[in-house]
Amino acid sequence: MPGSLHRNVQRRSVNSGISLFQQKKVVKAKSMSSSYMSWRSSGTNRRPTQPTNTSKNRGTIYPDLNQDPTPKPVIHFLAFALIIFLGLLQFLPASHFRHPSDPHRNWVPFNSHSSPSPTVKLAVDEDDGLIHIVSWMQCLDLKVLVVLANSTLSSSRYPDLLHFHFFTPQGDKDKVSFYKLKVLFPHSNLELHGQEKVKEIIKRASSEAEYDSLNLEEIAPFIIPSVHQSLTKFIYVSPNLILMGRIEELTGIDLSAHAAAAAEDCSNRLNSYVSLDVLDAIQRSASKPWITVTPYVKDACMPGLSLLLINGKKLEEFLEAVLWWSKVLNWSDRSDKRNPAIGLALYNRYLKLSNSWLVKEPASVDTIEKSMITHYDGPKIVCSEFGNDTIPGSSHGNLWIKYLPSMSNQILGS
């Protein structure tokens, strides 16, 4: 009995120990669970709260942002029209050009002073790329030639492209005159040519009376290409002129179908030289290639012969036509008037230049400013059989002084 009691007591003590241990374990587990829940709750409270309704809170968070504005339909239309307009501008013809020989690459307007004309390629020689300018002087007057050359050079954008050919009585034999010109224009292209060969061709083809009735300054430009093969395309300028326009603008005229180009001089009309009845009778009775098929216009303007563009390839039979008209009209007996034979030979065979290239008198400042070309108004030598004379100073103007180089008096003399 005591032994069983002792075993019961031990069993109770063991059970009570186990029970106490379990109780401590439960308390510890509850304590850990409580601390974990407390940490989780604090961690959860530190997280940012996500908005439940984004659309409702957007205006609250970014109050300065609104919906993108919608442009009006008219703005779309104007923008589209502007794009179309700028695109169409690309199809307009060119108004300016840059010359490849210009070191400054300046923009040059096409025909800024003249009316629109055909595309011009005449006066620039295809071989050397120069603009050949020819002038014929019956008796040498260096001061007149200097003013002509200097006015042409100073008015041109490309003076280095200009090449002057002066036909004088002695030509290249006159070395002194040539050196004087080169001193005044050291960087310019200048040549002096004789007149004998040109005169010889005219004399062989005409009688003495016909030869005397012709103005060599007017007929010579049409004969020069047959003597000087290199001068088939050039600009002829009368020596007694002052050029204020850009001579290179004339290099844009196409003379492929014409013998010459000139401005119309309506101060001289056809009916003031020859009767229309005479022309009609000649037209009915004669058959020549230089006689027009259509009736002549009685008040037709005559071509101005002071400035010409010459195409030597189209001058076949031109001298023959001039001499034929002079003979038919019997003009050798009427030397008091200008011979219309050249104008009749050019009838319907020349291209009309803009009126701005017609020679005008330097009467006023307005006339000078609007003119491309005007008459020389300084002292000049007049040719005569008894010696060359100088026109009195009372008839002189002041324009020529503007184009006289500063060293002219020392080189040429007063």
Side-chain angles (χ1 to χ4, degrees), residues 97 108-124 131-136 144 147-159 161-165 215 217-218 220-222 224 233-269 300-312 314 338 342-343 346-377 399-400 402-403:
F97 71 98
V108 182
F110 285 112
N111 295 331
S112 58
H113 294 282
S114 59
S115 59
S117 57
T119 308
V120 182
K121 294 180 181 176
L122 166 82
V124 176
I131 302 173
H132 294 278
I133 303 172
V134 174
S135 190
W136 178 283
V144 174
V147 172
L148 171 63
N150 196 37
S151 64
T152 306
L153 290 168
S154 59
S155 301
S156 174
R157 284 183 178 268
Y158 312 107
L161 297 181
L162 305 184
H163 192 141
F164 293 95
H165 302 266
N215 184 342
E217 286 189 5
E218 294 180 348
F222 303 96
I224 287 174
K233 299 178 181 180
F234 59 87
I235 300 173
Y236 174 79
V237 182
S238 176
N240 299 316
L241 295 178
I242 299 176
L243 267 71
M244 296 169 290
R246 293 169 182 161
I247 196 72
E248 62 268 15
E249 292 183 0
L250 294 174
T251 63
I253 300 175
D254 185 9
L255 283 190
S256 58
H258 299 84
E264 285 187 309
D265 183 9
C266 292
S267 63
N268 295 298
R269 296 185 180 272
C301 300
M302 300 291 282
L305 301 178
S306 296
L307 186 141
L308 296 166
L309 275 68
I310 300 295
N311 182 8
K314 293 291 182 178
R338 176 185 174 186
I342 297 178
L346 286 175
Y347 193 90
N348 284 346
R349 295 182 64 186
Y350 78 97
L351 185 66
K352 298 176 178 61
L353 294 178
S354 168
N355 190 54
S356 59
W357 287 104
L358 180 65
V359 181
K360 298 179 176 62
E361 297 291 340
S364 63
V365 176
D366 294 337
T367 303
I368 293 174
E369 291 179 351
K370 296 179 182 178
S371 300
M372 293 280 198
I373 185 169
T374 186
H375 284 290
Y376 172 82
D377 61 347
L399 180 61
W400 68 281
K402 176 182 177 182
Y403 297 101

Indicate the atoms forming the closest heavy-atom contact of [X] with [Y], along with that distance.
X: Ala260; Y: Leu346; answer: CB-CD2, 4.3 Å
X: Tyr403; Y: Asn150; answer: O-ND2, 2.8 Å
X: Ala300; Y: Tyr347; answer: CB-CE1, 4.1 Å
X: Ala263; Y: Ser354; answer: CB-O, 3.8 Å

Hey, are the side chains of [X] and [Y] touching, using non-hydrogen atoms and a 4.5 Å cut-off?
X: Asp254; Y: Leu351; value: no
X: Lys314; Y: Leu255; value: no
X: Ile224; Y: Ile310; value: no
X: Asn311; Y: His258; value: no
X: Ile133; Y: Leu148; value: no
X: Leu308; Y: Tyr350; value: no

(request) Tell me, please, which residues at least two apart from Ala149 pass side-chain contact (heavy atoms from CB on, under 4.5 Å). (result) Phe164, Phe166, Phe185
(request) Without swapping roles, check the side chain of Asp377 against the backbone of Trp400 for a donor-acceptor pair under 3.5 Å. (result) yes
(message) Can a donor-acceptor pair be found, under 3.5 Å and without considering hydrogens, that links the side chain of Ser155 to the backbone of Thr152?
(response) no
Working to the nearest 0.5 angstrom, can you tell me the gap between [X] [atom1] and [Y] [atom2]?
X: Cys301; Y: Asp265; atom1: SG; atom2: CG; value: 7.5 Å
X: Thr251; Y: Leu161; atom1: OG1; atom2: CG; value: 9.0 Å
X: Arg269; Y: Met302; atom1: CZ; atom2: CE; value: 11.5 Å
X: Leu162; Y: Ser156; atom1: CG; atom2: OG; value: 4.5 Å
X: Trp136; Y: Asn215; atom1: CH2; atom2: CG; value: 11.0 Å
X: Glu249; Y: Arg157; atom1: CD; atom2: CZ; value: 9.0 Å

(request) Taking side-chain hydrogen bond (donor to acceptor under 3.5 Å, both in side chains) as the test, write out the residues that go with Ser154, two or more places apart. (result) none
(message) Let's go through Ile131 and Tyr158 carefully: what are the C-alpha distance in whole Å and the side-chain angles of both, what is the deciding distance for side chain to side chain contact (heavy atoms under 4.5 Å, CB included) to 0.1 Å, and is it a yes or a no?
(response) CA-CA 10 Å; Ile131 302 173; Tyr158 312 107; over 6 Å; no
Which donor-acceptor pairs under 3.5 Å do side chains of residues 235-244 form with protein atoms, sequence neighbours excluded?
residue, atom, partner, partner atom, Å
Tyr236, OH, Glu217, O, 2.9

(request) For the pair Leu250 and Leu353, evaluate side chain to side chain contact (heavy atoms under 4.5 Å, CB included) and give the outcome as yes or no after the intermediate values. (result) CA-CA 9 Å; Leu250 294 174; Leu353 294 178; 4.2 Å; yes
